[in-house]
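What you see is a predicted model, and the numbers here were worked out from it, not measured in a lab. Labels below follow one simple rule: chain letters A, B, ... track the order of the sequence lines, proteins then strands, and each chain is numbered from 1.
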There are 2 protein chains.
Amino acid sequence: MLRLKTDPMKRHQVTIIDIAKELNLSKSTVSRALTGHPSVNAVTRQAVLELAEKLDYQRNMLAISLITKKTNTIGIIVPEFYSSFFPNVIMGAQEVAGKAGYNTVICQCNESYETEVANTKVMLANQVDGILVSITKETRNFDHLKIFHRKGIPIVFFNRVCDEMDVPKVIVDDYDGAYRAVNYLLEKGRKRIAHLAGPSSLKISEKRLSGYKAALKRNNIELDEDLIISYDLSMDKVKIYVNHLLNLERPPDAIFAVNDPTAIEAIQVIKKRGLRVPEDIAVVGFSNDYASGLIEPSLTTVSQPVKEIGQTAAQLLIEQISRDVSDWKTIIRVLKTELIIRKSS
Amino acid sequence: MLRLKTDPMKRHQVTIIDIAKELNLSKSTVSRALTGHPSVNAVTRQAVLELAEKLDYQRNMLAISLITKKTNTIGIIVPEFYSSFFPNVIMGAQEVAGKAGYNTVICQCNESYETEVANTKVMLANQVDGILVSITKETRNFDHLKIFHRKGIPIVFFNRVCDEMDVPKVIVDDYDGAYRAVNYLLEKGRKRIAHLAGPSSLKISEKRLSGYKAALKRNNIELDEDLIISYDLSMDKVKIYVNHLLNLERPPDAIFAVNDPTAIEAIQVIKKRGLRVPEDIAVVGFSNDYASGLIEPSLTTVSQPVKEIGQTAAQLLIEQISRDVSDWKTIIRVLKTELIIRKSS
DNA sequence: CTGTTAGCGCCTTCAT
DNA sequence: ATGAAGGCGCTAACAG
């Protein structure tokens, strides 16, 4: 529970009153000078500004926000900080938000639904003007997010979106990316391509899986359900699944992983077993994380325009914020992916 | 400049008054029920709580903070999000802060001093209860941080600390880490060890450099200034410096880099030139970033207890917050490093 | 146990 | 060009 008692020592904050007294002015005049209101004597303004500077006066945004009902703050909720993906998206979003005069408060959920719910409450209590969110792998119920919608606080999804809410979303063409990746493997002569898929609760998993299936079908390869493993993205399980695949009577000659961390982990396991990548088994990932270009062999992967995802999402959110609820758009912005061919395939 | 006009459409916020009216109670009673004050009829409380839940009532932290002069928010300012280091420190800090009931607002500075100054203003305006900071490579003037001290807002440095401020700091033993790393290289028979150092404005650069020098001295190796290159940590320059080193008349047989990204980049350059790591030239980094274990050859590096740094820093900060200014401690917590020996040396 | 009052720091009418 | 008064949503003394 939250503690509330006022600080015993009361740090002294410099307030408008302080500078009003000092300069023998009314609070309103000082306030006007500080906010750049035109109707205030140039000399007075100058004096106020100088004193403010000298005293390290900082406007109390809490008080201002209380009045204006605007905090100029947007919240960003991401499921994890494990890979470089989300930090980079955040950088893109912060860039756009910052330029538009918005602050950002960031919450990371450790892939936990509970934490996500708690984080939304925090955002609400702190009166953010809008939120950007990518859900956790556990999130199946969206009531905590629908509240925002109901309260008229704009929300924009990115990457891991919520299907049942009619709000703007920024995604990449996961289906197409997966399709092209698998298609490439087939062109290179691979016959048995396994897929380490993500949890079906995430739309991106589903789309990447469809792309995978479509590519097989297009190339007249029969789908072998044994080669598809859906897992919950906990890295420690990758080892088990990859070993399982390699132990099959007819093991795969390629693995298409739902994301880069999975692919990277898979490569480690394969190498540890003394098999060669890509000679014995090719590996392709999804996202083009920072580490992908560094591992040996370097990872072939479907690159996402990470920064652009963040920028676009922030852009859409800011547009919504200045719009009336009744006027909200439910744009879905689909960004393009690119197949980065490296040595692992 | 900041825009202030009140939203034209005024989203309706559920307030204590709403539920007071509905239940025919006074605001104070409702408030008490909501805050778990004991002196309130169980039935009344129940009714209030239920209605609040039903209406998605959220206490307006802005208003509360305005009164209590406490936002239960701590700010974290980091120089970059490039490597996995800072995101991980943040996770550690958030864990501790969250448990203690604190929110976190995170600012990333892109290694820009200007941005850092702007970010501190944001923190101030939003009345954070304290800040955790690691400075940018450009930061030489600390006035923007001293303001916090003067205002009685606790500040704790970590990793990249400010020497001229008497506040708590969380660091690792950079000197010792560097010493052991270089010593190890010497034990392995390396004779000419180069050092890609960081900018001298950062204490960590200086300490790691001292450790490097000390190890050489202890082993009676003459210091060759040509083998020490200080640079500003902009990754694109690594290539130039490494090539420069390799082109020397008597090139080094090992490189000790100030951090992992630098070491990783160095390895790439070396490999591209057709040289072998570690046979022709060994490489050692500092930090044990996520990518270090993945590259080929895997990187020998000095590991820092990343999460613990964040946890300790948050811990210290929270202690300060509840203390009176006059009672602030200036503890410097030095955490241990560990030499992780991998294949690059 | 509950209601009343004052005020956190600031901005915004309305006056002058 | 400046002052005075009211109120944002809430809590913290006071009263009953």
Seminar exercise, completed: Walking DNA chain C from its 5' end, the first of B/L25 and B/L66 to be reached, judged by nearest nucleotide, is B/L25

Exercise. Does one side chain, of B/E111 or B/T136, offer a donor that lies under 3.5 Å from an acceptor on the other?
Worked result: no

Exercise. What nucleic acid atoms does B/S65 come within less than 4.0 Å of, heavy atoms only: base, sugar-phosphate, or nothing?
Worked result: nothing

Problem set entry | Test item: side-chain donor near acceptor, B/Q108 and B/N110, under 3.5 Å | yes

Problem set entry | Electrostatic pair B/K54:B/E50 at N-O distance under 4.0 angstrom | no

For this session: State whether A/K69 places a side-chain N or O below 4.0 Å from either non-bridging phosphate oxygen (OP1 or OP2) of D/dG9.
Result: yes

For this session: Measure from the side-chain heavy atoms of B/I67 and tell me the nearest of C/dC10, C/dG7, C/dT4.
Result: C/dG7

For this session: Output the distance between atom CD1 (B/I74) and atom CG (B/N103), rounded to the nearest 0.5 Å.
Result: 9.0 Å

Exercise. If you measure only the distance, is there a donor-acceptor pair under 3.5 Å linking the side chains of B/T139 and B/E116?
Worked result: yes

Exercise. Separation of A/L23 atom CG from D/dT2 atom C1', in whole Å?
Worked result: 14 Å

Exercise. Is any side-chain N or O of B/S28 under 3.5 Å from a base N or O of D/dT11, one able to act as donor and the other as acceptor?
Worked result: no

Exercise. Strictly by modelled atom types, are A/S28 and A/S31 linked by a side-chain donor-acceptor pair under 3.5 Å?
Worked result: no

Exercise. Can you tell which of C/dC11, D/dT2, D/dC10 lies closest to the side chain of A/N41?
Worked result: D/dT2

Problem set entry | Whole-Å gap separating P (C/dC11) and CD1 (A/I16) | 5 Å

Problem set entry | Separation of C/dG7 C1' from A/K27 NZ (nearest whole Å) | 11 Å

For this session: May I ask you to verify if any side-chain N or O of A/Y57 is less than 4.0 angstrom from the OP1 or OP2 atom of C/dG9?
Result: no

Exercise. What is the distance from NE2 of A/H37 to P of D/dG3, rounded to the nearest Å?
Worked result: 14 Å

For this session: Say whether A/T71 and A/Q127, considering side chains only, have a donor N or O and an acceptor N or O under 3.5 Å apart.
Result: no

Problem set entry | Spacing of B/I19 atom CD1 relative to D/dG9 atom P, expressed in whole Å | 15 Å

Problem set entry | Given C/dG3, C/dG9, D/dT2, the nucleotide with the shortest approach to the side chain of A/S39 | D/dT2

Problem set entry | A/T29 or B/A63, whichever maps to the more 5' nucleotide of DNA chain D | A/T29

For this session: Using a 3.5 Å limit on both pairing distances, list the dot-bracket string of DNA chain C from the 5' end; Watson-Crick and G-U wobble pairs count, crossing pairs take [ ], interstrand pairs take |.
Result: ||||.|||||||||||

Exercise. The side chain of A/S31 lies closest to which of these nucleotides: C/dT2, D/dC8, C/dC11?
Worked result: C/dC11

For this session: Could you give me the CA-CA distance, side-chain angles and deciding distance for B/I16 and B/N60, then say whether side-chain contact (heavy atoms from CB on, under 4.5 Å) is met?
Result: CA-CA 10 Å; B/I16 280 194; B/N60 186 333; over 6 Å; no

For this session: Mind calculating the distance between CD (B/Q58) and C1' (D/dC10) to the nearest angstrom?
Result: 15 Å

Exercise. Of all the choices, C/dG9, C/dG3, D/dG9, which nucleotide is nearest to the side chain of A/T15 once you look at every atom?
Worked result: C/dG9

Seminar exercise, completed: Separation of C/dG9 atom P from A/L62 atom CG, nearest Å, is 10 Å

Exercise. Where each residue is assigned the nucleotide of DNA chain C containing its nearest heavy atom, which of A/I17 and A/R32 is assigned the position nearer the 5′ end?
Worked result: A/I17

Problem set entry | Between D/dA1 (C1') and A/N24 (CG): distance, integer Å | 16 Å

